[in-house]
Amino acid sequence: MNKNLNPNKIAVIGAGGVGATTAYALMVQGVGSEIVLIDVNKDKAEGEAMDLRHGASFVNPVDIYAGDYEDLADAKLIIITAGAAQKPGETRLDLIKKNTGIFKNIVSSITEYNQDGILLVVTNPVDILTHLTYKLSGFPANRVIGSGTVLDSSRFRSLLSKNCGVAASNVHGYIIGEHGDSEVPVWSLTNIAGTKIENYCPICNKDCTDRDHSLEEISSQVKNAAYEIIEKKGATFYAVALAVSRIARAILRDENAVLTVSSLMEGYYGVEDISLSLPTLINSNGIERVLELPLAEKEEKAFKESAKHLKENFEKLEV
Ligand SMILES: NC(=O)c1ccc[n+]([C@@H]2O[C@H](COP(=O)([O-])OP(=O)(O)OC[C@H]3O[C@@H](n4cnc5c(N)ncnc54)[C@H](O)[C@@H]3O)[C@@H](O)[C@H]2O)c1
């Protein structure tokens, strides 16, 4: 570990909707004491930094400014949100070509100044770009993380919370696999107040006439949430910013939190040499350990299919 890293410094590359909102979430939640925003559009980064800085008297002390790649030298965490975003009707995988080119430049600029920090990829398609960043950067796998399905798992918990009338903090469940169309809800491990969902339903007062249909509807809403939001407001940024801030907090505060981030698969469920999401212990080392939890047979099969689908797309890239 580079002794010159500032353990509370975060760089956000890309000061668009997701990058600027992430900086806001970090600031409001007191994650990091120095935040630098970098964007090809320097005025945008400058304007966002000024706007954020003007709220400094309402939050914990934090230094927020617009900078350049040399400002990455001592950053503990580098969050990449730069690149093209989905347009209505586009899938995340449609963005591959546009964002691969952008990432080749960004990753080489990062490694010129910083070889020891943790890279957190948010730009879509996040699993493909996390894997690309791992390959291009030469960083060890524990220091290349994608936001993966942390957002989807939060959407899942929040929809179940609403459906079942239980606070989201008492609803536990994971979405694994691709952050995208082949993602997999892990119903077999989903629980409310420590009780498996199939055991919780009979003791719940709510009368879900068709439980299986309600649950299927929830998975499908999670998978299609981004399409629906983009159709209605053009972009998504609040919930993803909170998800990224949650991952950043787990790293900066050395939490050993379990989050469904995307990272290099090293034989989990027989999958390797691609990056996608599984429940993972996160701390100041980045990825501490990927948890190979006992999945139902059909969940494991769907996870492997998701990995295969990503691998086929990654192999089409000329890296
Ligand atoms: N992983 C997730 O859960 C998740 C959720 C929402 C959005 N996203 C993704 O995040 C990305 C950003 O979305 P957005 O809504 O902020 O888009 P945006 O268009 O608002 O912002 C993108 C920013 O990147 C900057 N940029 C482009 N090329 C750059 C480069 N080479 N170096 C530095 N900056 C550069 C642009 O100037 C712009 O400010 C998209 O790929 C989107 O699909 C991911």
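Keep in mind the model is a prediction, meaning the values are calculated, not measured. As the structure lists them, so they are numbered: ligands from 1, and atoms in each ligand from 1.
A salt bridge links K308 with E312; the closest basic N to acidic carboxylate O contact falls under 4.0 Å. Under the 4.0 Å criterion applied to side-chain N and carboxylate O atoms, E90 and K98 are assigned as salt-bridge partners. Here D63 does not pair with R53 in a salt bridge; the nearest charged N to carboxylate O distance is not below 4.0 Å. Looking at K223 and E178, no side-chain N of the basic residue comes within less than 4.0 Å of a carboxylate O on the acidic one, giving no salt bridge.
Close N/O approach between V240 and ligand 1 is not found [any backbone or side-chain N/O within under 3.5 Å]. For N41, no nitrogen or oxygen atom sits less than 3.5 Å from a nitrogen or oxygen atom of ligand 1, counting backbone and side chain alike. The N/O atoms of T123, backbone and side chain alike, include none that comes under 3.5 Å of an N/O atom in ligand 1. Between G83 and ligand 1, an N or O atom pair is found at a separation short of 3.5 Å. For ligand 1, one of its N or O atoms has an N or O atom of G17 under 3.5 Å away. Some N or O of V122 is nearer than 3.5 Å to an N or O of ligand 1, by distance alone. Taking distance alone, with nitrogen or oxygen atoms compared against 3.5 Å, S147 approaches ligand 1 more closely than that limit.
Between the D94 side chain and the T91 main chain, a donor and an acceptor come within less than 3.5 Å of each other.
Given atom 16 (O) of ligand 1, the protein heavy atom at minimum distance is V18 N, 2.8 Å. When hydrogens are left out, the protein atom nearest atom 21 (O) of ligand 1 is G16 CA, 3.2 Å; that is the closest non-hydrogen contact. Taking atom 31 (N) of ligand 1 as the reference point, the nearest protein heavy-atom neighbour is I102 CG2, 3.6 Å. The single protein non-hydrogen atom nearest to atom 43 (O) of ligand 1 is N124 ND2, 3.1 Å, given as residue, atom name and distance. Protein heavy atom at the shortest distance from atom 17 (O) of ligand 1 is A85 CB, 3.7 Å. The protein atom (non-hydrogen) at minimum distance from atom 3 (O) of ligand 1 is H179 NE2, 3.2 Å. The nearest heavy-atom contact from the protein to atom 26 (N) of ligand 1 is V40 CG2, 3.7 Å.
Around atom 40 (C) of ligand 1, the closest heavy atom drawn from A84, S262, A243 belongs to A84. Across D39, T149, L37, heavy-atom proximity to atom 37 (O) of ligand 1 is greatest for D39.
By the 4.5 Å heavy-atom criterion applied to side chains, L278 and L291 are not counted as neighbours.
Tested against W187 for a ring pair (Phe, Tyr, Trp, His ring centres under 6.0 Å), the candidates Y174, Y200, F156 yield a single pass: F156. The residue from E266, M265, K311 that alone fulfils the side chain to side chain contact (heavy atoms under 4.5 Å, CB included) condition with D273 is K311.
Contacts of V150 with ligand 1, taken as heavy-atom pairs under 4.0 Å, are absent altogether.
Within the listing of ligand 1, atoms 11 (C), 12 (C) sit less than 4.0 angstrom from a heavy atom of T81. Those atoms of ligand 1 that come under 4.0 Å of a heavy atom in A82, given as number and element, are 24 (O), 26 (N), 29 (C), 33 (C), 34 (N), 35 (C). Each of the atoms 3 (O) of ligand 1 lies under 4.0 Å from some heavy atom of L151. Counting the atoms of ligand 1 from 1 in the order shown, those under 4.0 Å from a heavy atom of T236 are 5 (C), 6 (C).
Side-chain atoms of S306 and E183 form no donor-acceptor pair, as typed in the model, at a separation below 3.5 Å.
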I would like to know whether D39 and K44 meet salt bridge (charged side-chain N to carboxylate O under 4.0 Å, His left out); could you show each step before the answer? CA-CA 7 Å; D39 199 294; K44 175 86 165 94; over 6 Å; no
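Taken to the nearest 0.5 Å, the CD1 atom of I128 stands 8.0 Å off from the OG1 atom of T100. Interatomic distance, Y268 OH to T280 OG1, rounded to the nearest 0.5 Å: 8.0 Å.
When all heavy atoms of P279 and L293 are compared, the pair lying nearest together is CG-CD1, 3.8 Å.
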